[in-house]
Q: 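Sharing a structure here in structure tokens format.
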Amino acid sequence: MVKQFTKAIIIATLCNCLCLLAIAQSSWKMQPSPLQTRWAKNVTPSATLQEYPRPQMIRSNWENLNGIWNYTITEKDAPIPTTFNDQILVPFPLESALSGVKKPLLPSQRLWYKRTIKKPEIKNNEKVLLHFGAVDWEAIVYINGQKIGDHTGGYFNFSFDITSALKNGDNELIVGVYDPSDEGPNPHGKQVLKPANILYTASSGIWQTVWMETVPAVHIASLKMTPAPDHGYLSLQVNVPGDAANYTVQAIAQNNGATIGNTSGKANASLQVPVPDPHLWSPNDPFLYDLTVKLLYKNKVIDTVRSYFGMRKIEIKKDEKGQDRIFLNNKYTYNLGVLDQGFWPDGLYTAPTDEALKFDVLAIKSMGFNTVRKHVKVEPARWYYHCDKEGILVWQDMVTCANETAAARKNFEKENIENVTQLYNYPSIICWVLFNEGWARYDQQRLTEAMKKMDPSRIVDGHTGENYDRGSPNNPLDKWISSDMTDIHDYPGPGIPPALPGKARVLGEWGGVQVKTPQHQWNDADGWGYISIPAAAFTEKYSFLNKHLKILEEEGLSGSIYTEPFDVETEENGLISYDREIIKIPVGKLRQIHGTLVPPTSDVAANFTVRDIDTTNPDNKYAALLDQYRNGKKDQIFLRDLAQMALRVNDKTNAARIAEDYISQLHQPLTANQWSFINKFTNSSKDKGFSLIQQGRDEMNRVLGNRKADVKLMTIVYQEIIEPHVKSPDANPDWNSMEEKSNQYGPAGEEIFLRAKTIHLLNKQDWNSFASTADRYVDKFAANISAQELNNYAWSVFENLSDATHLSNALAWSKLCIQQGDEPSFIDTYANVLYKSGNKADAITYEEKALKLAPDNEKKTYQDTLEKMRKGEKTWK
């Protein structure tokens with residue numbers, strides 16, 4: 001009877017839990033997205049990334065906390081909220097469709113998460129650890145109102161011991177998140193608040209698995225593994241926090257269940273696990289050993305973790321022709337790779353499922369590549385596990401320094417250390433990439449050498465795409481100083497960097513060929529590529545480019561990274577569409593093309609199911625579709641596609657007419673795709689889209705970024721009201737009438753009027769009128785004017801006017817320029833305006849700074865100016 005009653009209680013409790021789960025499920029739904037991958041349909045609150053999140057250190061006693069959490073958004077400095085009325089699916093970023101929210105987190109806001117957790121059963125002074133895979137960017141964690149700890153760094157895992165804060169039964173877990181995206185000192189990769197071109201939608205908040213784990217009071221915290229295949233052992237350090245003096249560790253290496261080596265010794269010490277006659281890891285044979293690590297106290301096992309490792313080494317050596325090459329396991333291995341951004345249309349930074357995450361690795365292998373460059377993003381541990389397991393070489397980027405401020409540099413260096421430390425054990429990672437294309441580059445030699453010291457077991461690419469760095473040193477020996485590679489980018493390319501002693505030559509990025517995939521585009525109105533060709537011509541073009549790549553390989557190129565495996569938002573340079581459905585060259589043909597450089601290292605994966613792109617020209621159907629339109633077909637998708645097609649075949653009259661019919665059916669709120677279409681097809685104040693842009697100006701600016709609404713409004717106002725009267729530099733328009741007409745269109749009209757008048761008067765060399773108008777323009781719209789333009793205005797006043805008021809205004813404009821960075825030409829202008837204004841001492845100080853920062857080929861000009869200032873001579877004409 002007791003047993004039956006207990007069983008009834010269990011069943012009733014289970015039913016209650018299921019009912020609660022059903023309520024949670026019914027309140028969550030994926031938000032609309034321009035594209036959706038096949039795996040999104042498998043995402044539910046009860047089955048959200050359930051795999052063990054840390055494959056290199058596995059314990060059995062853990063609990064996955066992914067699923068429905070409550071959330072709210074407050075002002076950044078607000079206290080912990082008391083009300084959480086909305087729900088979010090963790091661990092999908094707030095901005096993603098799969099989160100169920102899909103809204104941005106502004107730099108002025110804080111995102112709060114809340115859920116209930118139960119205290120696990122613990123014994124023998126066990127501890128409960130709360131783990132976060134990654135939270136972007138700053139997280140503060142509370143249990144039952146008590147602050148447990150905080151963490152900054154949007155790409156790295158962190159943990160807290162929450163044992164003392166837990167009570168029996170339910171406990172309240174709250175996480176506060178601040179993420180300034182691209183407006184703060186935080187490394188953020190390609191995430192921005194206003195995505196466009198090579199920059200994509202931000203991913204704020206929790207974006208990797210959250211989980212709890214019960215561990216012994218003294219336990220294994222981490223492992224550090226370095227393979228030494230030439231010496232037949234694995235170097236191992238087992239890190240145990242606290243007082244571990246009386247503890248020992250034991251490590252057992254196995255091959256398919258058979259022990260091949262073991263060792264024991266002190267915790268936190270360097271040990272050697274014998275690996276006789278090692279089976280080497282490579283893309284052709286990604287063999288992994290199993291590793292069991294035990295922590296013992298007085299010969300009693302206290303803690304056990306399961307792991308794995310691969311035996312491989314990577315280095316730069318000369319081949320038989322004396323060329324410096326990349327060698328894997330003592331064998332020259334061409335690194336044929338792709339630039340992988342790690343974005344998903346439905347989950348943004350977070351793959352919908354682990355199967356989806358693995359698909360990307362298998363797709364790249366199946367296409368015949370043996371290398372991935374992970375571009376300014378750090379992935380979850382399971383992505384690197386799949387690379388280890390499937391066999392693909394990884395070049396791991398550091399996540400770019402946010403800007404040139406001291407705070408940004410401090411964060412960058414801190415997170416570089418975390419990056420190397422967190423990813424150190426994965427055999428697939430063979431290269432660390434420090435700087436990309438000069439983005440916020442500084443102290444390149446020091447940081448390259450520091451990275452090599454952190455990890456001597458891998459090669460370091462100190463500067464990929466150095467040729468894109470406008471502040472690059474003139475001496476070729478300094479361009480990749482202390483790096484193991486010389487590395488350029490070439491679009492579409494291919495190209496080859498110079499040969500320097502001891503450095504392998506690699507092509508860090510190339511390609512970037514846009515091939516559109518109709519019905520599989522994030523935003524067909526704004527899609528772009530470095531070059532664009534039709535689908536029917538892509539195979540021949542790609543084959544031709546790779547034949548040139550083979551020639552460069554024979555000349556000494558050791559690796560190349562093609563942009564890119566998958567389309568990303570409006571960047572349509574992928575070999576596969578963003579939703580992972582359409583491949584732009586048949587996979588068999590791709591493998592054949594790549595086989596001239598690197599024979600395929602595996603068969604095509606069984607689950608690599610994609611459809612070949614339709615190489616027929618869809619525009620051939622235009623006449624028939626136009627007849628359908630004329631006969632009354634007016635549904636939205638049809639009109640949208642037909643308008644785009646009409647534009648492609650240069651039927652501009654019908655394109656405008658069809659677009660008007662489509663736009664007339666639109667109503668607020670509008671999607672990003674709809675705003676892009678309106679922006680593309682609105683060219684007159686009489687167009688239906690013009691009034692929509694006026695009414696939704698702020699929303700269009702927010703959704704499309706780069707002030708797209710303002711730019712469109714200003715363009716039309718200029719064309720219709722201003723341009724007809726200022727075509728000649730000598731024109732004398734009725735500025736008052738023009739201003740009145742322009743201002744009826746609000747701030748955009750006022751801005752374009754003042755800009756047009758300023759530039760016209762500048763070109764006319766009506767210096768007093770120019771200076772007065774420019775002052776009005778800058779005073780109201782300085783935030784929208786480039787530093788270069790402001791500098792030109794200030795220099796024009798300096799050279800042509802002596803009035804104290806105008807010089808004072810020019811000094812203010814120039815100061816705005818130098819506040820944006822140490823550009824020598826801006827500092828030179830500031831110094832000259834100071835000098836002409838009578839402030840000789842400060843002028844000399846600033847001119848000395850400009851001289852110090854100037855490139856070698858410009859130093860003489862600055863030196864001459866400085867000498868004139870010191871002598872009290874005029875520096876203006």
Side-chain angles (χ1 to χ4, degrees), residues 314-328 332-339 370-371 373 375 393 395-398 400 430-452 458-512 530 544-563 596-598 855-859:
I314 192 78
E315 59 188 328
I316 307 298
K317 294 202 308 184
K318 292 188 184 298
D319 64 10
E320 66 278 2
K321 296 180 180 179
Q323 296 271 16
D324 290 303
R325 299 280 199 177
I326 299 174
F327 275 68
L328 174 67
Y332 161 55
T333 303
Y334 187 83
N335 284 206
L336 183 69
V338 284
L339 187 75
N370 66 358
T371 302
R373 177 180 162 208
H375 193 30
L393 306 173
W395 298 9
Q396 177 62 52
D397 283 12
M398 299 300 108
T400 311
I430 61 163
C431 175
W432 303 115
V433 182
L434 177 59
F435 286 113
N436 180 76
E437 296 182 350
W439 298 354
R441 174 190 53 79
Y442 70 100
D443 290 0
Q444 182 174 319
Q445 180 177 7
R446 175 178 68 84
L447 294 176
T448 302
E449 291 173 0
M451 188 158 289
K452 292 169 77 77
R458 291 179 172 91
I459 56 179
V460 174
D461 187 349
H463 198 162
T464 179
E466 189 278 341
N467 54 311
Y468 279 38
D469 181 2
R470 287 176 292 182
S472 173
N474 291 326
N475 186 345
L477 295 174
D478 294 333
K479 292 177 183 292
W480 297 275
I481 192 164
S482 300
S483 175
D484 292 314
M485 299 172 168
T486 62
D487 181 335
I488 64 167
H489 295 174
D490 191 1
Y491 286 105
I496 187 170
L500 295 179
K503 303 181 192 297
R505 290 189 277 175
V506 298
L507 179 58
E509 292 179 28
W510 76 286
Y530 291 92
F544 174 78
L545 293 173
N546 275 267
K547 287 177 182 176
H548 280 256
L549 194 64
K550 176 60 178 175
I551 293 171
L552 297 179
E553 187 271 338
E554 292 171 353
E555 293 177 4
L557 193 67
S558 272
S560 54
I561 305 295
Y562 184 81
T563 302
T596 61
L597 283 152
V598 175
D856 291 344
N857 60 346
E858 296 178 12
K859 284 189 181 296

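Residue numbers start at 1 and run along the sequence shown.
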Q: Can you tell me if N370 uses its side chain to pair, donor with acceptor, with the backbone of L336 under 3.5 Å?
A: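 Judged by distance alone, yes, a pair lies under 3.5 Å.
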
Q: Over all heavy atoms of both residues, which pair between G462 and S483 is shortest? Give the atoms and the distance, please.
A: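 That would be N-OG, 2.9 Å.
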
Q: For R325 and L557, which heavy atoms make the closest approach, and how far apart are they?
A: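 Looks like NH1-O, 2.7 Å.
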
Q: Under the 3.5 angstrom rule, does the side chain of T563 hit a backbone N or O of E509 as a donor-acceptor pair?
A: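 Absent.
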
Q: Heavy-atom count check: over 12 atoms from other residues, nucleotides or ligands less than 6.0 Å from Y442 OH?
A: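 Enclosed: over 12 neighbouring heavy atoms sit under 6.0 Å from OH of Y442.
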
Q: Any ion pair linking K452 and E449 (charged N to carboxylate O, less than 4.0 Å)?
A: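 A salt bridge is absent here (no side-chain N lies under 4.0 Å from a carboxylate O).
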
Q: Does the pair R441/E466 count as a salt bridge with the N-to-O cut at 4.0 Å?
A: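 Salt bridge: no.
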
Q: Looking only at non-hydrogen atoms, find the nearest pair between W432 and R458 and report the distance.
A: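 The pair with the smallest heavy-atom distance is NE1-CD, 3.6 Å.
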
Q: Side chains of L434 and D461, heavy atoms from C-beta outward: is any pair under 4.5 Å?
A: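 The answer is no; the side chains never approach within 4.5 Å.
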
Q: Is it true that the side chains of S472 and K479 contain a donor and an acceptor less than 3.5 Å apart?
A: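 There is such a pair (donor and acceptor under 3.5 Å, judged by atom type) between the side chains of S472 and K479.
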
Q: In a check of side chain to side chain contact (heavy atoms under 4.5 Å, CB included) between I326 and each of I314, D484, T333, which one passes?
A: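 Going through I314, D484, T333 one by one, the side chain to side chain contact (heavy atoms under 4.5 Å, CB included) with I326 is satisfied by I314 alone.
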
Q: Quick check: are there more than 12 heavy atoms from other residues, nucleotides or ligands sitting under 6.0 Å from NZ of K318?
A: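 Yes, NZ of K318 has more than 12 neighbouring heavy atoms, counting only those of other groups under 6.0 Å.
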
Q: Please name the pair of heavy atoms, one in T464 and one in R373, separated by the smallest distance, quoted to 0.1 Å.
A: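 That closest heavy-atom pairing would be CG2-NH2, 3.2 Å.
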
Q: What I'd like to find out is whether the side chain of I481 reaches to under 4.5 Å of the side chain of T448, using heavy atoms alone.
A: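 No, too far: nothing below the 4.5 Å cut-off.
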
Q: A side-chain contact here means heavy atoms from C-beta on lying under 4.5 Å apart; do I459 and C431 qualify?
A: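 The answer is yes; the side chains approach within 4.5 Å.
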
Q: To the nearest 0.5 Å, what is the distance between CG on L447 and OG on S482?
A: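 The CG atom of L447 sits 10.5 Å away from the OG atom of S482.
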
Q: As an exercise, state the distance from NZ of K503 to CH2 of W480, rounded to the nearest 0.5 Å.
A: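 Going from the NZ atom of K503 to the CH2 atom of W480 covers 9.5 Å.
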
Q: Would you say the side chain of L549 lies within less than 4.5 Å of the side chain of L507, judging by non-hydrogen atoms?
A: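 The answer is yes; the side chains approach within 4.5 Å.
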
Q: If you define the side chain from C-beta out and look only at heavy atoms, does anything of N436 sit under 4.5 Å from H375?
A: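 Yes. Closest side-chain heavy atoms under 4.5 Å.
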
Q: Which distance, rounded to the nearest 0.5 Å, do you find between the CD1 of I316 and the OG of S558?
A: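 The OG atom of S558 is 6.5 Å from CD1 of I316, to the nearest 0.5 Å.
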
Q: Between the main-chain N or O of I488 and the side-chain N or O of N467, is there a donor-acceptor pair closer than 3.5 Å?
A: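 Flag not set: sc N467 to bb I488 has no pair under 3.5 Å.
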
Q: When rounded to the nearest 0.5 angstrom, what distance separates NZ in K321 from CD in E555?
A: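 Answer for the NZ-CD pair, K321 versus E555, is 10.5 Å.
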
Q: Between H463 and G438, is there a donor-acceptor pair closer than 3.5 Å when you use the side chain of the first and the backbone of the second?
A: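 It does hold such a pair.
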
Q: Determine the minimum heavy-atom distance between P494 and H548, stating which atoms define it.
A: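 Where P494 meets H548 most closely, the heavy atoms are CG-CB, 3.8 Å.
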
Q: Looking only at heavy atoms, what is the nearest atom pair of D324 and L500, with distance?
A: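 Taking every non-hydrogen atom into account, OD2-O, 3.9 Å.
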
Q: Calculate, to the nearest 0.5 Å, the distance between atoms CG and OG belonging to L545 and S560 respectively.
A: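 The distance works out to 11.5 Å.
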
Q: Using distance alone, with no hydrogens and no angle criterion, decide if Y334 and T371 have a side-chain donor and acceptor under 3.5 Å apart.
A: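 Absent: no donor and acceptor within the cut-off.
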
Q: Any side-chain heavy atom of M485 within less than 4.5 Å of one from W395?
A: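 M485 vs W395: side chains touch.
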
Q: Angle between ring planes, Y530 versus Y491, binned at 30° and 60°: parallel, tilted or perpendicular?
A: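 Rings of Y530 and Y491: parallel, as their planes differ by under 30°.
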
Q: Please work out whether the ring planes of Y332 and F327 are parallel, tilted or perpendicular, with thresholds of 30° and 60°.
A: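 Answer is tilted, since the angle falls between 30° and 60°.
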
Q: Please round to the nearest 0.5 Å and tell me the distance separating atom CD of E437 and atom CZ of R470.
A: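 The CZ atom of R470 is 11.0 Å from CD of E437, to the nearest 0.5 Å.
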
